[in-house]
Each structure stands twice: as structure tokens, then as C-alpha cells.
Visitor: 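Here it is, the structure in full.
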Amino acid sequence: MHEVARDLVGATLLVDGAGGVLVEVEAYAPDDPASHSYRGRTARNAAMFGPAGYAYVYRSYGIHHCLNLVCGPDGEGAAVLVRALEPTHGLETMRERRGVEEVKLLCSGPGRLCEALGVTLVHDGLALDEPPFKLLRREAEPEVVATTRVGITRAVDLPWRYAVRGSDYLSRPVPS
DNA sequence: CAGTGGATGCTCT
DNA sequence: GAGCATCCACTGT
């Protein structure tokens with residue numbers, strides 16, 4: 001799963017033609033106390049226990065949405081949280097949805113990214129290789145750094161956050 | 001800059 | 001009834 005997470009950085013993700021190049025993701029495993037799949041399958045996280053190549057979307061703090069790409073074997077419950085991307089497609093659409101001009105603020109965070117791409121619960125469980133999703137293999141291999149994950153209270157020390165070193169579009173800078 | 005607190009809805013204890 | 005894989009506005013240096 002960690003290889004998948006690392007390889008996803010640099011790939012291009014589009015939803016209805018809006019999106020960009022992934023610059024920050026986090027891995028979540030079934031035996032990981034910070035993972036939604038840790039306590040087993042429920043109605044909310046059902047998609048996470050499905051086969052790889054599907055989306056798992058959930059509501060966060062009652063306000064935002066967060067997008068995961070399921071990457072474990074069918075039934076395992078492993079996924080990669082998409083935290084930030086560098087906007088390259090549909091900039092004007094994303095600006096309207098976000099109500100912000102600055103490109104750096106369009107997709108630099110899981111909640112912001114879902115708002116910019118228009119991702120909501122209706123996308124939960126959809127296949128990533130079918131519309132409205134489009135996932136393109138990366139063209140060049142970026143320099144990826146592994147650091148600790150953001151915004152969690154358990155398993156805080158696991159270095160399962162993968163980010164492009166020095167990118168201007170991260171949700172937060174990587175510690176030096 | 002840093003730090004704090006409110007919004008808001010659903011899941012699990 | 002607590003606790004979130006968050007974001008933003010506001011405060012005080």
C-alpha cells in the first residue's frame with residue numbers, strides 16, 4: 001500500500017475535467033488506529049473495504065468532504081487520503097466553487113480539494129477509471145518525502161504522509 | 001506571525 | 001454524549 005501511495009504522488013487526478021497533479025497523500029491501513037477501517041466495516045466506510053481503484057468519500061467535521069483512493073486488496077480496508085494537488089485543469093471552475101482567487105488556496109487541503117473538484121458523498125464508491133473521475137499515470141517521478149500525518153490523534157508518529165519536496169501546493173510545509 | 005474557538009453532522013461509545 | 005483524517009475568522013503579540 002505504501003508503494004501505491006508513493007507512486008500516486010505526481011499522478012494527475014481530474015473530476016469532471018477539474019483537478020491537477022497530486023502533491024500530498026496519506027496512507028491508512030486496516031491495523032492502523034488512525035484509520036477509519038481500524039474498527040471494521042461499517043455503513044460509512046464500506047467503500048474502503050471494496051476492491052482497489054474505487055473512491056471512498058466521507059464527511060469531515062460535519063462540513064467538509066475528504067477523498068480517499070482505495071488501494072488494498074478487496075476486503076482489506078486500505079486507502080490513500082488525497083490531501084493536496086497542484087491545480088492544472090479547470091482553474092476557473094475551481095475558483096468559483098472555492099470562492100478564492102489564489103491558486104495556492106484552491107486544493108491545498110483535503111476539504112478544500114473536495115470543494116474545488118466538486119467531490120461529495122455521491123462520489124463515494126465510484127470507480128476511479130470511469131467518469132466523472134480520471135486518473136492519469138504520472139509522466140515524471142517527483143522527489144517524494146515521507147513525514148508524519150496531519151490532523152490525527154492516534155498513531156501520530158507513523159511517517160505515512162507522502163509529499164513532493166518543496167511544492168508550493170501542500171496543505172502544510174514538510175518539516176525540515 | 002501564533003494561538004484559539006466556532007461551525008456542523010454523523011458515527012461510534 | 002464524545003470525538004473527529006478540517007477550515008476560517010478572529011485575537012494578540
Side-chain angles (χ1 to χ4, degrees), chain A residues 1-2 4-6 8-9 11 13 15 18-20 22-50 52 54-72 76-87 93-126 128 144-164 167-176:
Chain A
M1 174 193 54
H2 293 288
V4 178
R6 196 178 268 275
L8 276 171
V9 178
L13 174 70
V15 180
L22 302 184
V23 295
E24 180 183 351
V25 303
E26 287 177 357
Y28 286 89
D31 59 348
D32 163 14
S35 174
H36 287 181
S37 57
Y38 183 61
R39 294 167 212 279
R41 179 181 186 134
T42 66
R44 173 178 68 156
N45 64 20
M48 206 173 166
F49 284 89
Y54 285 77
Y56 163 48
V57 182
Y58 68 94
R59 185 180 283 284
S60 172
Y61 291 89
I63 305 176
H64 308 284
H65 295 276
C66 291
L67 170 65
N68 293 252
L69 312 183
V70 178
C71 65
E76 184 183 84
V80 172
L81 170 70
V82 181
R83 286 196 56 89
L85 57 75
E86 175 177 344
T93 303
M94 296 197 283
R95 273 198 255 257
E96 282 175 26
R97 293 206 267 233
R98 290 273 299 118
V100 171
E101 285 299 310
E102 236 190 303
V103 183
K104 281 186 187 180
L105 296 179
L106 289 182
C107 301
S108 56
R112 292 168 172 175
L113 182 149
C114 282
E115 187 177 28
L117 303 206
V119 171
T120 66
L121 292 178
V122 309
H123 299 282
D124 186 40
L126 297 189
L128 297 171
V144 178
V145 209
T147 65
T148 53
R149 296 177 290 183
V150 175
I152 53 174
T153 57
R154 292 178 295 240
V156 169
D157 294 327
L158 296 178
W160 288 1
R161 172 181 180 231
Y162 301 97
V164 175
S167 169
D168 285 332
Y169 303 94
L170 303 179
S171 66
R172 334 172 36 155
V174 305
S176 50

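Naming: A, B, ... by sequence-line order, numbering from 1 per chain.
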Visitor: Between A:Arg98 (side chain) and A:Leu105 (backbone), is there a donor-acceptor pair under 3.5 Å?
Guide: yes

Visitor: Find out whether the Lys NZ or Arg CZ of A:Arg149 is both under 6.0 angstrom from the six-membered ring centre of A:Tyr28 and within 45° of the ring's axis.
Guide: yes

Visitor: Mind checking A:Arg149 for me? I need base, sugar-phosphate or nothing, with any heavy atom below 4.0 Å counting as a touch.
Guide: nothing

Visitor: Specify the separation, in whole Å, of atom CG of A:Leu170 and atom C1' of C:dC7.
Guide: 17 Å

Visitor: Which atom names give the shortest non-hydrogen contact between A:Cys107 and A:Ala116, and what distance separates them?
Guide: SG-CB, 3.8 Å

Visitor: Enumerate all atom pairs, one protein N or O and one N or O from nucleotides 5-13 of chain B, separated by less than 3.5 Å.
Guide:
| residue | atom | partner | partner atom | Å |
| --- | --- | --- | --- | --- |
| B:dT8 | O2 | A:Tyr61 | O | 2.2 |
| B:dC12 | OP1 | A:Thr42 | OG1 | 2.7 |

Visitor: Let me know, please, whether A:Ile152 or A:Arg112 comes out on the 5' side of the other along DNA chain C by nearest nucleotide.
Guide: A:Ile152

Visitor: May I ask you to decide whether A:Glu115 forms a salt bridge with A:Arg97, counting only side-chain N to carboxylate O separations under 4.0 Å?
Guide: no

Visitor: Would you mind reading off the distance between A:Arg97 atom CZ and C:dC7 atom C1', rounded to a whole angstrom?
Guide: 18 Å

Visitor: Is the closest side-chain donor-acceptor distance between A:Arg112 and A:Ser108 under 3.5 Å?
Guide: yes

Visitor: For the pair made of CD in A:Glu115 and C1' in C:dC8, what is the distance, rounded to whole Å?
Guide: 11 Å

Visitor: Do the side chain of A:Arg95 and the main chain of A:Glu101 share a donor and acceptor less than 3.5 angstrom apart?
Guide: yes

Visitor: For the pair made of OH in A:Tyr38 and P in C:dC4, what is the distance, rounded to whole Å?
Guide: 14 Å

Visitor: Could you tell me which non-hydrogen atom of A:Val57 sits nearest to which non-hydrogen atom of A:Leu121, and how far apart they are?
Guide: O-CD2, 3.6 Å

Visitor: Under a 3.5 Å cut-off for both contacts, is C:dC4 paired Watson-Crick or G-U wobble with anything, and if yes, with which nucleotide?
Guide: B:dG9

Visitor: Provide, to the nearest angstrom, the distance between the NZ atom belonging to A:Lys104 and the P atom belonging to C:dC8.
Guide: 16 Å

Visitor: Taking OP1 and OP2 of C:dA5, is either one under 4.0 Å from a side-chain nitrogen or oxygen of A:Arg172?
Guide: no

Visitor: Rounded to whole Å, how long is the line connecting atom CD of A:Glu26 with atom C1' of C:dT6?
Guide: 12 Å

Visitor: Short question: side chain of A:Asp32, backbone of A:Ala34 - any donor-acceptor pair under 3.5 Å?
Guide: yes

Visitor: State whether a side-chain donor-acceptor pair under 3.5 Å links A:Ser171 with A:Glu24.
Guide: yes

Visitor: Write down the protein N/O and nucleotide N/O pairs, taken from nucleotides 1-3 of chain C, whose separation is under 3.5 Å; answer none if there are no such pairs.
Guide:
none

